[in-house]
Amino acid sequence: MDSLLIVSPILLPLATSILVTVFWYHRQVQSSINFLGASGLLLMGILLTHSVWVNGIQAVQVGSWPAPFGITIVVDMFSALMILITGIISFSMAIYSLVTIDRRRKQFGYYTLVNTLYMGVCGAFITGDLFNMYVWFEVMLISSFVLLTLGGETRQIEGTFKYVTLNLISSALFLVGVGFLYGMVGTLNMADLAVKLADYSNPGLVTVVAMLFLTAFGIKAAVFPVFFWLPASYHTPPIPVTAIFAGLLTKVGVYSLFRVFTLLFVGNIGFTHTIILVIAGFTMFVGVLGAAAQYDMRRLLSFHIVSQIGYMIFGLALYTPLAIAGGIFHMLHNIFAKTNLFLISGVLHHLKGNYDIRKIGSVLNLYPFLAVLFLIPAFALAGIPPSSGFWSKFFLIKAAFEDEKYLISFVALVVSLLTLFSMMKIWNEAFWKNHPTQDPDKEPPVQQLFSRPLVFMIIPIIFFATITLAIGIYPQPLYDVLMRVSHELMNPSEYINVVLGGRP
């Protein structure tokens, strides 16, 4: 039973994808199956997280082949949390998609593709070897590529071309790095790699390979200077697809960076993690500058994805227990806040017929409850106390000051102020100002916020806002969990022993 629970994050989306394909011509049945599959993934995420919290790190050797010879599935506290987050995202998007994905996209396999994407994401989180991580990345790439083009609009095709080109380069670099590692030590099992790389005779070569993985995963995570594919593509598909991408896809790249630069490439942290620190600073600053120049809400939020990723790898670069916990805290908070802001942009488009914040206006007067829902993730993104974003940034700045990294701390604080400026720009243009249209006949009709179909769009927004508020008001439980995650990442002996069965 424990083995089935460990592999369920892969099997459940796979089964859901197959079932919705079987009922290809029954849209209502597909929606129901998708909702049940998403609910099941959320439940499995809760059970898996509880199991790891109580029983510790768990692993399954597929086909009973002993590690490192077979395929290893391993779940520690970090990967269990990411599976739980994936379940929350999939559950919420199953509700939001009921009324926001048009019939044409459903006819061309939206539900099949999105569940295949979840399978790839979960597989990347719980795989125990690098080659299978590469395979799961390719599963994600194929499904996300089709999701981006689903609908066949010109802007989608243009954005997808940039997305696929950079990600194929990333995949090629990833595969080259995998080949180098196998040629060097004869294994791709991550626990076995950690043991053998620690004693490898040529540490300089290990550092070179580390740079290959930093580049490959850096492209996936959209860090500076290889981030431009993200704001060029993420604003083109329907909002549920964008929200899934914003919440999960780049975070898989960040997760991979945390995994390999705490488990494998730790022999020369004075060099590798200093480079990551520089990249983090530029990613934060360049991303927020790009956001400040935008008026299309989706493009503005897409640039903020880039900026916030800088904070996440900032924690990795400092490489202290508090910094690692703060970086992952920021990743989890950002998944909820950023996904919620994209969902709100979808509601604004439904109500006002536009994503350009200069052409919206009057939302505060017409929909005050929606304005409050916007302020919760907006303040969290900017780090206004006592929001969830405040705590993650507090932990990161505290860790940076303890490590005497004052310049990057200053950059992080300035970026927070510029983030607040961007959020207030949305507030002023879309919520505070009157609608710019002077002709009353052209005013969008006022709709009830809790009428169908809007109720299916508002429920996930309230759900995410509640999580954001809970984390901000009472951060201690999550902080305690993440300190355990930090301990496991920085002291990987338990991970290695569980995977290798106690073999030295």
**OP:** Let me see the working for His304 and Met423 under side chain to side chain contact (heavy atoms under 4.5 Å, CB included), right down to the final yes or no.
**Re:** CA-CA 10 Å; His304 270 304; Met423 294 299 104; 3.7 Å; yes
Original post:
Going through the checks in order, is the ring-ring contact (aromatic ring centres under 6.0 Å, His included) test met by Phe285 and Phe224?
Top reply: CA-CA 9 Å; Phe285 195 67; Phe224 178 87; over 10 Å; no
Subject >> side chain to side chain contact (heavy atoms under 4.5 Å, CB included) between Asn340 and Ile467, intermediate numbers included >> reply: CA-CA 11 Å; Asn340 209 7; Ile467 295 174; over 6 Å; no
Subject >> Glu402 vs Leu322, side chain to side chain contact (heavy atoms under 4.5 Å, CB included): CA-CA, chis, key distance, verdict >> reply: CA-CA 10 Å; Glu402 289 175 353; Leu322 180 60; 4.1 Å; yes
Subject >> Residues Tyr111, Ser31; criterion side-chain hydrogen bond (donor to acceptor under 3.5 Å, both in side chains); working and verdict >> reply: CA-CA 8 Å; Tyr111 288 125; Ser31 298; 3.0 Å; yes
**OP:** Could you give me the CA-CA distance, side-chain angles and deciding distance for Asn334 and Lys251, then say whether side chain to side chain contact (heavy atoms under 4.5 Å, CB included) is met?
**Re:** CA-CA 10 Å; Asn334 188 257; Lys251 308 310 179 292; 3.7 Å; yes
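Between Leu373 and Pro377, the closest heavy-atom pair is O-CD, 2.7 Å. Nearest approach of Leu396 to Gly326, heavy atoms of both residues: CD2-C, 3.8 Å. Closest of all the heavy-atom pairs between Pro231 and Val306 is CD-CG2, 4.4 Å. Residues Tyr96 and Pro240 come closest through the heavy atom pair CD2-CG, 3.7 Å. Smallest separation of non-hydrogen atoms from Ile360 and Ala430: CG2-O, 3.9 Å. Residue Arg298 comes nearest to Pro237 through the heavy atom pair NH1-O, 4.2 Å, listed as atom of the first residue, atom of the second, then distance.
Aromatic ring orientation, Trp432 versus Trp427: tilted (interplanar angle from 30° to 60°). Between Phe394 and Phe390, the ring planes lie parallel to each other; the angle is under 30°, not in the 30° to 60° tilted range. Using a 30° and 60° split on the angle between ring planes, Phe245 and Tyr163 fall in the parallel class, below 30°. Ring orientation note: the planes of Tyr134 and Phe174 are nearly perpendicular, at an angle over 60° on the 30°/60° scale. Aromatic ring pairs are classed by plane angle as parallel below 30°, tilted from 30° to 60° and perpendicular above 60°; the pair Phe395 and Tyr479 is tilted. Classified by interplanar angle (parallel below 30°, tilted 30° to 60°, perpendicular above 60°), the ring pair His273/Phe261 is perpendicular.
Using a 4.0 Å cut-off between charged side-chain N and carboxylate O, Arg104 and Asp102 make no salt bridge.
Atom-to-atom distance recorded for Leu417:CG and Ser422:OG is 11.0 Å, nearest 0.5 angstrom. Taken to the nearest 0.5 Å, the CG atom of Asn428 stands 7.0 Å off from the NZ atom of Lys433. Remark: Thr250 OG1 to Met312 CE distance equals 6.5 Å, nearest 0.5 Å. How far CZ of Phe410 is from CD1 of Ile397: 11.0 Å, rounded to the nearest 0.5 Å. Atom CD1 of Ile83 sits about 13.0 Å away from atom CD1 of Ile46, to the nearest 0.5 Å. Atom-to-atom distance recorded for Ser387:OG and Ile471:CD1 is 10.5 Å, nearest 0.5 angstrom.
With contacts defined as side-chain heavy-atom distances shorter than 4.5 Å, the pair Ile85/Phe336 qualifies. Here the side chains of Leu141 and Leu168 are in contact, with some heavy-atom distance below 4.5 Å. Side-chain contact between Ile279 and Leu214 is present, with heavy atoms from C-beta onward closer than 4.5 Å. Within the 4.5 Å cutoff, side-chain heavy atoms of Phe217 are placed close to those of Met133. Using a 4.5 Å heavy-atom cutoff, the side chains of Met284 and Leu418 are not in contact. Looking only at side-chain heavy atoms (C-beta outward), Trp229 and Tyr234 come within less than 4.5 Å of each other. Using a 4.5 Å heavy-atom threshold, the side chains of Val485 and Leu482 count as touching. Contact annotation: the side chain of Phe342 approaches that of Ile305 to within less than 4.5 Å [non-hydrogen atoms, C-beta and beyond].
Using modelled atom types, one side-chain atom of Ser486 and one backbone atom of Pro321 make a donor-acceptor pair closer than 3.5 Å. A side-chain donor-acceptor contact under 3.5 Å links Ser17 to the backbone of Thr112. Distance alone, capped at 3.5 Å, is enough to place a donor-acceptor pair between the Asn354 side chain and the Asp356 backbone. For Thr236 (side chain) and Ala232 (main-chain N/O), no donor-acceptor pair under 3.5 Å exists by modelled atom type. With hydrogens and angles ignored, the 3.5 Å screen pairs a side-chain donor or acceptor of Tyr255 with a backbone N or O of Phe125. Side-chain N or O atoms of Ser362 include none that pairs as donor or acceptor with a backbone N or O of Asn365 at under 3.5 Å.
The side-chain hydrogen bond (donor to acceptor under 3.5 Å, both in side chains) check on Ser97 picks up Tyr110, with sequence neighbours excluded.
Looking only at atom types and distance, the side chain of Ser416 has a donor-acceptor partner in the side chain of Lys393 under 3.5 Å away. Gln30 and Asn34 are not linked by any side-chain donor-acceptor pair at a separation below 3.5 angstrom, with hydrogens and angles left out of the test.
For Lys398, the NZ atom sits in a loose shell: 12 or fewer heavy atoms of surrounding residues, nucleotides or ligands are nearer than 6.0 Å. Within 6.0 Å of atom OH in Tyr25, 12 or fewer heavy atoms from other residues, nucleotides or ligands are found, so the atom counts as exposed in its surroundings.
Annotation: Tyr355 is not in aromatic contact with Tyr295 [ring centroid separation under 6.0 Å not met].
By the 6.0 Å and 45° rule, Lys338 does not stack over the aromatic ring of Phe464.
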